[in-house]
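Quick caveat: nothing in here was measured; it's all calculated off a predicted structure. Quick note on labels: first sequence line is chain A, next is B, and so on, each numbered from 1.
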Number of protein chains: 2
Amino acid sequence: MTSSPRPLVPISKSRLHEEIIGQIQDRIIKGELAPGEKLPAERDLAQSLGVNRGTVREALKKLEMLGLVEILHGDGIYVKNYLECGNLELLKSIIYSSSTMTAGIIKNLLELRRILAPEMAAAAAANRSEEDAARMKKIIASDEQSVLERDLAIHSAIARAAKNLPYVFILNFNNQVFRDFGHIYFDDAENRERSKKFHRDITAAIAGRKQDEARKIMRDVLAYTDRKIDEYYKIAPTKRRAGGNS
Amino acid sequence: MTSSPRPLVPISKSRLHEEIIGQIQDRIIKGELAPGEKLPAERDLAQSLGVNRGTVREALKKLEMLGLVEILHGDGIYVKNYLECGNLELLKSIIYSSSTMTAGIIKNLLELRRILAPEMAAAAAANRSEEDAARMKKIIASDEQSVLERDLAIHSAIARAAKNLPYVFILNFNNQVFRDFGHIYFDDAENRERSKKFHRDITAAIAGRKQDEARKIMRDVLAYTDRKIDEYYKIAPTKRRAGGNS
DNA sequence: TTGGTTCAGTGGTTCGACCAATTATAGTAT
DNA sequence: ATACTATAATTGGTCGAACCACTGAACCAA
């Protein structure tokens, strides 16, 4: 109740080609379209969907960039094995589309974070610039945003301070997911206070270049948050719509 | 020298819109196009580039999926801050485009792998199915592929056995990069033998559900390989073309 | 069997037109 | 002068038809 702004609605901006992407993507992820399978020709797809060929092409361009299909000039369009691609954007689609997997994948993400984040916090303490420290202090000082947003910002700042670009990308992906599921943790007032303290402590440790302390602070806070989130999913394993298929 | 077949040529398939993507992407990554900046209208871009508007649109659709631009109906096209997106596909573009950053990012990737892989190996030992064990044994039995390919396959199999989908995606990304840079390590005959032994040992540990052993084997082998690769970059820090800008 | 040719199918690109959403502008009422 | 409204201009979204470039398969010739 306290403050669950939930930024209104995503709103599907119409955009026909997005609809086409969704349809094909779903069929691939559900396994209806097997890897290696050949899709109908663009002209046939356009006719089947009742849209213009150019619109189909725009959708296919996005699907190709996602790593779901491979387009071969003069040959055809083939379904790729999405498990063999390394596109996290696609993983996000899977998380948000199949509610049966969501809880499991969230747990997986938390596990990865529990392993990586403490080490990256230590790296941040070692590699931080003055600008990094200033950025973190500014975040904990601002009282405007929600605690959730500040938490995401702090983690992002730590990633930048660690000077590990791939980790920045992974962390950003994590944040994009946690922004939508973080309310599980931040709806509780005590948890919010605990986070604020964490923000101050980790900022002080990194600003003070104390690697071991930063690592320990991060490890402890994640152990706590993960336990809380785990309890939530244990209590309400599937509070979502029933009637889903396998 | 042993066996560098170099399968002739990949050949760039032209594809006009790919060229457009490259141009805009480069300008954004180089900072010539700042985040928030508005791009020319599609019609103007088409005229400037001397191509059709539909072609420009296909390029923009891919750039949007990459997370480099944001397209607003009736408004315009805006450059996004790519550091705030979580798209690893984009990271790959950065690795392959700016040779000045490549070595550093490779080191970053190795660091992440050194942290994650041992834990995931332990998780694989805990969660593996019979199918996972069989897959790994099949890989080490096949004598057809190169050691590099077998190494990538083993790591991929471990990731799948760990039952952590996000890690599968991250690992696949790693593999895509290491497939192009792995020769740094696998050109050496002794290293190749060492890898073969590692494949056997880690497979046995995971098949035997020995978590601690799997973790240790993975940690040890990565400590060795990373040291070798680090030596390479120390000896030949920039063996590439000179004259690059900052 | 080998190599070259033809041909149908498919993706790639182009042109021109119109629809839909946003923004800027001018105008009106208060 | 201000605030609201209607209009026009700008921009992305879709459409339709046509042609180019590449691929694969069938066919033919050496």
Side-chain angles (χ1 to χ4, degrees), chain A residues 7-25 27-28 33-80 85, chain B residues 7-25 27-28 33-80 85:
Chain A
L8 295 177
V9 278
I11 288 188
S12 65
K13 288 270 191 178
S14 62
R15 293 231 281 185
L16 266 181
H17 66 262
E18 295 285 357
E19 179 65 24
I20 298 172
I21 291 174
Q23 283 196 34
I24 298 179
Q25 179 176 277
R27 295 190 59 183
I28 293 178
L33 293 172
E37 194 165 336
K38 189 172 183 176
L39 262 58
E42 291 178 350
R43 294 167 177 80
D44 298 334
L45 276 175
Q47 190 175 2
S48 301
L49 295 166
V51 299
N52 186 274
R53 186 181 159 211
T55 307
V56 171
R57 282 181 60 78
E58 292 183 0
L60 289 173
K61 287 293 162 296
K62 282 198 174 185
L63 286 169
E64 186 186 30
M65 189 55 73
L66 252 186
L68 279 173
V69 302
E70 184 176 14
I71 302 175
L72 300 181
H73 188 174
D75 186 352
I77 306 158
Y78 296 87
V79 178
K80 288 184 69 176
C85 92
Chain B
L8 292 179
V9 280
I11 290 189
S12 66
K13 290 273 189 179
S14 65
R15 292 228 280 186
L16 222 32
H17 66 263
E18 295 284 358
E19 178 66 25
I20 299 172
I21 292 174
Q23 283 196 34
I24 298 179
Q25 180 177 276
R27 295 190 59 182
I28 292 178
L33 292 172
E37 193 166 337
K38 190 172 182 176
L39 261 59
E42 290 179 351
R43 293 168 176 82
D44 298 334
L45 276 175
Q47 189 175 3
S48 301
L49 295 166
V51 299
N52 187 269
R53 186 181 158 211
T55 307
V56 171
R57 281 181 59 80
E58 292 184 359
L60 289 174
K61 288 292 163 298
K62 283 198 174 185
L63 286 169
E64 185 186 30
M65 188 55 74
L66 252 186
L68 280 174
V69 302
E70 185 176 14
I71 304 175
L72 300 181
H73 187 175
D75 186 352
I77 306 157
Y78 295 87
V79 178
K80 288 183 68 176
C85 92

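Nearest approach of A:Gly67 to A:Lys80, heavy atoms of both residues: O-CB, 3.7 Å. Heavy atoms only, all atoms of each residue included: B:Cys85 and B:Leu66 are closest at SG-O, 4.1 Å.
Distance CG/A:Leu45 to CZ/A:Arg57: 12.0 Å, rounded to 0.5 Å. Once rounded to the nearest 0.5 Å, the distance linking CD1 of B:Ile24 with CG of B:Leu68 reads 9.5 Å. With values rounded to the nearest 0.5 angstrom, A:Ile77 atom CD1 is found 11.5 Å from A:Glu70 atom CD.
Every residue was checked against the side-chain hydrogen bond (donor to acceptor under 3.5 Å, both in side chains) condition with A:Asn52, not counting sequence neighbours, and none meets it. Among residues two or more places apart in sequence or in another chain, the side chain to side chain contact (heavy atoms under 4.5 Å, CB included) test is passed with A:Gln47 by none. Evaluation of the salt bridge (Lys or Arg N to Asp or Glu O under 4.0 Å) rule for A:Arg27 yields A:Glu32 as partners, not counting sequence neighbours. For A:Lys62, the side-chain hydrogen bond (donor to acceptor under 3.5 Å, both in side chains) partners two or more places apart in sequence, or in a different chain, are A:Glu18, B:Glu64. A search for salt bridge (Lys or Arg N to Asp or Glu O under 4.0 Å) contacts involving B:Arg53 returns B:Glu42, not counting sequence neighbours. Taking the side-chain hydrogen bond (donor to acceptor under 3.5 Å, both in side chains) definition, one finds that B:Asp44 meets it with nothing, sequence neighbours left out.
Taking atom CD1 on B:Ile71 and atom C1' on D:dT14, their separation rounds to 14 Å, with Å as the unit. The CD-C1' distance, from A:Glu19 to D:dT14, rounds to 15 Å in whole Å. Distance, A:Leu49 CG to D:dT14 P: 13 Å, rounded to whole Å. Separating the CZ atom of A:Arg15 from the P atom of D:dT11 is a distance of 18 Å, rounded to the nearest angstrom. As a whole-Å value, the separation of B:Ile21 CD1 from C:dG12 P is 12 Å.
Remark: A:Arg57 is not in phosphate contact with C:dG11, judged by side-chain N or O atoms under 4.0 Å from OP1 or OP2. Between A:His17 and D:dG13 there is no side-chain polar atom (N or O) within less than 4.0 angstrom of OP1 or OP2.
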Got a list of protein N/O to nucleotides 6-10 of chain C N/O distances below 3.5 Å?
from: C:dG9; atom 1: N2; to: A:Gly74; atom 2: O; distance (Å): 2.9

Give every pair of a protein N or O atom and an N or O atom of nucleotides 15-17 of chain D that lie under 3.5 Å apart, one pair per line with the distance.
from: D:dC15; atom 1: OP2; to: A:Asn52; atom 2: N; distance (Å): 2.8
from: D:dC15; atom 1: OP2; to: A:Thr55; atom 2: OG1; distance (Å): 2.9
from: D:dG16; atom 1: N7; to: A:Asn52; atom 2: ND2; distance (Å): 2.8

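Taking every heavy atom of residues 60-67 of chain A and every atom of DNA chain C, pairs under 4.0 Å involve A:Lys61, by number.
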